[in-house]
Protein chains: 2
Amino acid sequence: MKLEKTTNAYSLPGRSYDDACGAAHALDLVGERWALLVMRELMLGPLRFSDLRAALPGISANVLTQRLEGLEGIGALVRRRLPPPGAVQVYELTPWGYEAEPILQALGRWATRSPMHDPTLPLSPVSLMLSFRTMFDPVRADGFEARIGFRLGGEDYMVRIGKGRIEAARAPIENADAVFTGTAPAVAGAVYAGVPLAVLEADGALEVDGYRTIANRFVTLFPLPPKIQT
Amino acid sequence: MKLEKTTNAYSLPGRSYDDACGAAHALDLVGERWALLVMRELMLGPLRFSDLRAALPGISANVLTQRLEGLEGIGALVRRRLPPPGAVQVYELTPWGYEAEPILQALGRWATRSPMHDPTLPLSPVSLMLSFRTMFDPVRADGFEARIGFRLGGEDYMVRIGKGRIEAARAPIENADAVFTGTAPAVAGAVYAGVPLAVLEADGALEVDGYRTIANRFVTLFPLPPKIQT
DNA sequence: CGGCATCCGGGAAGATACTG
DNA sequence: CAGTATCTTCCCGGATGCCG
């Protein structure tokens, strides 16, 4: 028994798991290829169609359109037209859409233990910021307070750490104790692969301004879970 | 740039997201259709091929074979042949495979807020037990200790509640304060739709033995998150 | 340029039948 | 019972083109 197209504001993929389990329903909603990665890119705020294409190399315009329609149909995002001038269209998660972040975190925590995980692959700035939220260790950050700026591919991000908490947002860099300028993979190399900042700077992959001490402390706050033993 | 087939013990699906993000890698590993639901059914212990087919109506034998091969290839499960006599083959999650449960929980918590979620669809006994683990509210269970048995479709399950914690396992029913006999959807109706036990018993959908008070308290311990406002 | 429609090739998923 | 074989359907990815 297939679910037919509904007549309300929502739509389901043609194939349903037909299962009352919440996880199965989630996969009905966002289990199609690229759907969760589109949501991932929107987790730090609205983006335009071309921003999404740029952040998700490999997705075709075709499929991106379908996913955006689907995610809008289930109520996970809305498309908004910004007021003129500009009048560009942006896609923005709904409050419920933003609540999908724990799904991405659970997936990420689990998969980084896989021996097949290749941290040298491309990484979007948004993924990097979300990985900070996921992997942040309050114990290692005990007594540490800092405001770190990131200038990654033309967009600015701010990470604030204090009281054992972390915030990460796409926002102008203001009052930063340290600023990283470069690419998301370079920062990931420092944070997750332990590449010394000096090496990355010598390679020209990264520029670090502000307090070196703070930058050096920052990159130690995100321990990866141990790899599984093969 | 596609990933080529690796020469080690692991295999990846032909299409990779080519993304260092942990969530993207997770979707490379278990993002194919049915993969996470196969893992869900194995969360309470090993099962045979035909058990999985029965628990996942809608999956075809060849797809199940492919998923089992894939999950074995990534190291999420192993196939074991039980010692003779019997000598049946079973599929069992690895320790890392069991660690995927938070993924299912995050998916379930998020999707039950969708207005499209239909709790009247079929539900496997394992899904029901996992939903207890997911939705259990320690506050509501304050001061409550109980051992509840479930006889669902020929298999027995035990849920133990105490000290604000819950355990759920496929296990013989022993020293139970109350025992539910019937189908998983019927129990779900009592727990998640608030159908009174007396009604379900009058319909013949459920039989409740043991202490009624404990059974009636039990079904109040699993509040669903509120639906999103449409 | 942004967004969407259309066509096509390849491959995954679904249904059914069959075998050790 | 535990899969395999075959066939069909449909999704995905790529390319092209239209239209504001």
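What you see is a predicted model; the values in this text were computed from it and never measured. Order of the sequence lines fixes the chain letters, A, B, ..., with proteins taken first and strands second; residue numbering starts at 1 for each chain.
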Report the nucleotide, chosen from D:dT4, D:dA2, C:dA13, that has the shortest atom-to-atom distance to any side-chain atom of B:Arg33.
-> C:dA13

Which residues satisfy the side-chain hydrogen bond (donor to acceptor under 3.5 Å, both in side chains) test with B:Arg40, sequence neighbours excluded?
-> A:Asp19, B:Ser127

Rounded to whole angstroms, how far apart are CZ on A:Arg67 and P on C:dC4?
-> 14 Å

Interatomic distance, B:Glu72 CD vs D:dG3 C1' [rounded to whole Å] | 14 Å

Residue B:Val63, side-chain heavy atoms: nucleotide from D:dG3, C:dA13, D:dC12 that is nearest | C:dA13

From the list C:dA5, D:dG3, C:dA13, which nucleotide is the closest neighbour of the side chain of B:Glu32?
-> C:dA13

Give the nucleotide from the list D:dC12, C:dA13, D:dG3 with an atom nearest to the side chain of A:Gln66.
-> D:dC12

Once you round it to whole Å, what is the distance between C1' of C:dC4 and CZ of A:Arg81?
-> 13 Å

How is B:Thr65 classified with respect to the nucleic acid when contacts are heavy atoms under 4.0 Å: base, sugar-phosphate, or nothing?
-> base

Please state whether the phosphate of C:dA12, meaning OP1 or OP2, lies under 4.0 angstrom from any side-chain nitrogen or oxygen of B:Trp34.
-> no

Quick one: label B:Ser60 by what it contacts on the DNA or RNA (base, sugar-phosphate, nothing), any heavy atom closer than 4.0 Å.
-> base

Please tabulate, for the side chains in residues 46-59 of chain A, all donor-acceptor contacts under 3.5 angstrom to protein atoms that are two or more places apart in sequence or on a different chain.
residue, atom, partner, partner atom, Å
A:Asp51, OD2, A:Arg48, N, 2.9

Can you find a side-chain donor-acceptor pair between B:Asn62 and B:Ser60 that sits under 3.5 Å?
-> yes

A:Arg15 side chain N/O closer than 4.0 Å to the phosphate oxygens (OP1, OP2) of D:dC10?
-> no

Just checking, is any N or O donor in the side chain of B:Thr112 or B:Tyr192 under 3.5 Å from an acceptor N or O on the other one?
-> no

Plane angle bin for A:Trp96 and B:Trp110 - parallel if under 30°, tilted between 30 and 60°, otherwise perpendicular | parallel

Between CD of B:Gln89 and C1' of D:dG3 the distance, given in whole Å, is 10 Å

Mind calculating the distance between CZ (A:Arg48) and P (C:dC1) to the nearest angstrom?
-> 12 Å

Tell me whether the OP1 or OP2 atom of C:dG2 has a side-chain N or O from A:Tyr91 closer than 4.0 Å.
-> no

Classify the nucleic acid contact of A:Arg53 as base, sugar-phosphate or nothing, counting any heavy atom under 4.0 Å across all strands shown.
-> nothing

Which residues, if any, of residues 36-47 of chain A bring a heavy atom under 4.0 Å of DNA chain C?
-> none

Rounded to whole Å, the CG-C1' distance (B:Leu68 to D:dC1) equals 14 Å

Can you tell me the distance, in whole Å, between the CZ atom of B:Phe49 and the C1' atom of C:dG20?
-> 15 Å

Given C:dA13, D:dG14, D:dG3, which nucleotide is nearest the side-chain atoms of A:Asn62?
-> D:dG14

For the residue pair A:Phe132 and A:Phe150, is the inter-centroid distance of their aromatic rings smaller than 6.0 Å?
-> yes

Grab the OH-C1' distance between A:Tyr17 and C:dG14 for me, whole Å please.
-> 13 Å

Could you label the plane-to-plane angle of the B:Trp34 and A:Tyr17 rings as parallel, tilted or perpendicular, counting under 30° as parallel and over 60° as perpendicular?
-> perpendicular

Side chain B:Arg109, main chain B:Thr134, donor-acceptor under 3.5 Å = yes

Comparing B:Ile59 with A:Asp51, nearest DNA chain C nucleotide closer to 5' gives the residue A:Asp51

